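One structure is given below, encoded as structure tokens.
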Amino acid sequence: MIKKNQKKKVIIEYMQIMLGAALVGLAYNMFLLPARLAAGGVSGISTILYELFQFNPAYVQWLINIPLLILGVLIVGKDFSWKTLVGTTFVPLVIWLTTGIHLPIDNPLLSAIYGGIMLGVGLGIVYRGNGSTGGTALIAQILKKFTGISSGFSQLLVDGLVVITSALVFDFELALYAMISIYVTSKVIDFVQLQTSPTKLVLIITDKEEEIQSIIKHEINRGLTKIKTLGGYSNQEKTMILCVVEQSEAVYFKKLLLEKEPASFVIFLNASEILGRGFSKARFDEKEVK
């Protein structure tokens with residue numbers, strides 16, 4: 001029975017990845033490419049190359065993503081899986097199948113907003129299925145591996161270079177619209193996943209502190225702080241564990257807690273600025289890799 005439920009869960013996750021990837025491909029063909037918006041990522045690179053050389057965006061994304069995926073598997077290892085392969089190849093496939101489909105929208109601001117919304121919904125669904133669409137996320141993870149900077153900042157650097165390049169190829173106005181689209185996408189991804197912001201302060205009140213501590217240390221590799229508390233209703237001593245995680249980690253952490261410690265009382269809060277190891281500075285284990 002357990003194996004059957006596990007198999008069903010895996011099938012649902014793959015369906016989520018394909019559905020999300022389809023929305024990502026449609027957002028690109030319907031809104032971003034017709035408006036000439038290079039909103040970061042490999043899709044942004046393919047938009048620039050299409051403008052300069054008329055290269056087919058689907059082929060460009062395949063040619064960039066597949067070598068990146070192979071490189072990522074060799075360098076990062078376990079963070080890459082069959083789900084990443086499905087997302088990485090399915091987005092360009094949808095772009096290729098839906099070539100020429102676009103809506104009669106002449107206002108780039110509307111394209112940036114609606115394209116950002118559809119893209120965010122698609123990526124959010126992919127992430128809920130524990131998948132990835134590859135692209136510059138792979139570059140960011142490789143960059144993080146060798147520099148020690150956080151995933152979010154790595155992604156910002158890579159996407160920022162794409163937007164700056166688009167400003168030179170197109171114009172600064174379209175680059176600003178692309179930045180709006182990136183911002184909208186990030187907020188929608190966040191809403192689809194956790195309904196909160198990218199960096200999370202997690203508060204866990206539990207009487208199984210060793211189990212929770214083991215999950216945090218071995219499954220998501222983050223630090224934690226423990227505070228002794230007293231239950232107002234039961235008058236029993238419990239432990240409150242504080243932990244700060246990034247967006248993708250928060251989604252994974254939430255699933256682990258629901259599966260392994262469903263009785264614990266958990267709160268996810270927005271964390272506006274985080275300073276210290278693992279966020280503004282490299283983790284200790286990442287410094288050792290270098």
Side-chain angles (χ1 to χ4, degrees), residues 14-70 82-127 129 131-139 158-159 161-163 165-171 173-175 177-182 184-186 188-189 192:
Y14 274 100
M15 290 176 64
Q16 286 179 313
I17 292 169
M18 288 188 285
L19 173 61
L23 291 174
V24 170
L26 286 172
Y28 179 79
N29 271 345
M30 294 171 61
F31 297 105
L32 302 180
L33 182 61
R36 303 159 70 209
L37 299 179
V42 170
S43 65
I45 296 172
S46 63
T47 300
I48 293 171
L49 293 178
Y50 180 78
E51 177 72 15
L52 292 175
F53 308 109
Q54 294 297 302
F55 290 161
N56 187 301
Y59 297 154
V60 169
Q61 294 191 35
W62 268 318
L63 288 173
I64 295 176
N65 275 328
I66 299 302
L68 278 177
L69 182 63
I70 295 172
W82 286 106
K83 291 179 181 178
T84 302
L85 177 62
V86 170
T88 300
T89 56
F90 202 71
V91 171
L93 177 62
V94 172
I95 291 173
W96 179 68
L97 291 173
T98 60
T99 299
I101 294 179
H102 65 273
L103 299 178
I105 298 177
D106 298 323
N107 189 326
L109 178 59
L110 292 178
S111 294
I113 293 173
Y114 287 115
I117 291 173
M118 182 177 282
L119 186 61
V121 171
L123 290 174
I125 293 173
V126 170
Y127 296 156
S132 169
T133 57
T136 52
L138 301 182
I139 300 175
V158 175
D159 285 342
L161 287 174
V162 175
V163 174
T165 304
S166 76
L168 300 175
V169 173
F170 302 113
D171 57 55
E173 186 174 314
L174 287 176
Y177 286 129
M179 292 174 66
I180 291 173
S181 183
I182 292 173
V184 171
T185 297
S186 68
V188 174
I189 288 174
V192 172

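Hydrogens, waters and symmetry mates are skipped; everything else that's a heavy atom, side chains included, is used. Along the sequence shown, residues carry numbers from 1. It should be emphasised that the depicted structure is a prediction, and the values quoted were computed from it without experimental measurement.
In this structure A58 satisfies the side chain to side chain contact (heavy atoms under 4.5 Å, CB included) test together with N56, W62, I95, W96, sequence neighbours excluded. Evaluation of the side chain to side chain donor-acceptor pair (under 3.5 Å) rule for S46 yields Y28, Q61 as partners, not counting sequence neighbours.
Residue I64 holds its CD1 atom at 10.0 Å from OG of S43, rounded to the nearest 0.5 Å. Atoms CG and OG1, from L37 and T47 in turn, are 8.0 Å apart once rounded to the nearest 0.5 Å. Between the CG atom of L110 and the CD1 atom of I105 there is a distance of 6.0 Å, given to the nearest 0.5 Å. Summarising the geometry, atom CD1 belonging to I17 is positioned 10.5 Å from atom OG1 belonging to T133; distances are rounded to the nearest 0.5 Å. Distance check: Y114 OH to L103 CG gives 10.5 Å after rounding to the nearest 0.5 Å. One finds the CD1 atom of I182 at 9.5 Å from the CG atom of L119 (value rounded to the nearest 0.5 Å).
Environment of CD in E173: sparse, with no more than 12 heavy atoms of neighbouring residues, nucleotides or ligands closer than 6.0 Å. The environment of Y50 atom OH is sparse: at most 12 non-hydrogen atoms of other residues, nucleotides or ligands sit within 6.0 angstrom.
Annotation for V94 and N29: closest pair O-ND2, 4.2 Å, computed over non-hydrogen atoms. Here the closest heavy-atom approach between residue L32 and residue G115 is recorded as CD2-CA, 4.3 Å. Closest approach of F90 to M18, counting heavy atoms only: CE2-O, 3.2 Å. Of all the heavy atoms in N65 and P92, the pair that sits closest is ND2-CG, 4.4 Å. Closest of all the heavy-atom pairs between I117 and V188 is O-CG1, 3.6 Å. Heavy-atom minimum distance, A38 versus I48: CB-CG1, 4.0 Å.
Results of the side-chain contact (heavy atoms from CB on, under 4.5 Å) test with M179 over L174, V163, V184 single out V163 as the only residue that passes.
In this structure, the side chains of V162 and I45 come closer than 4.5 Å at one or more pairs of heavy atoms.
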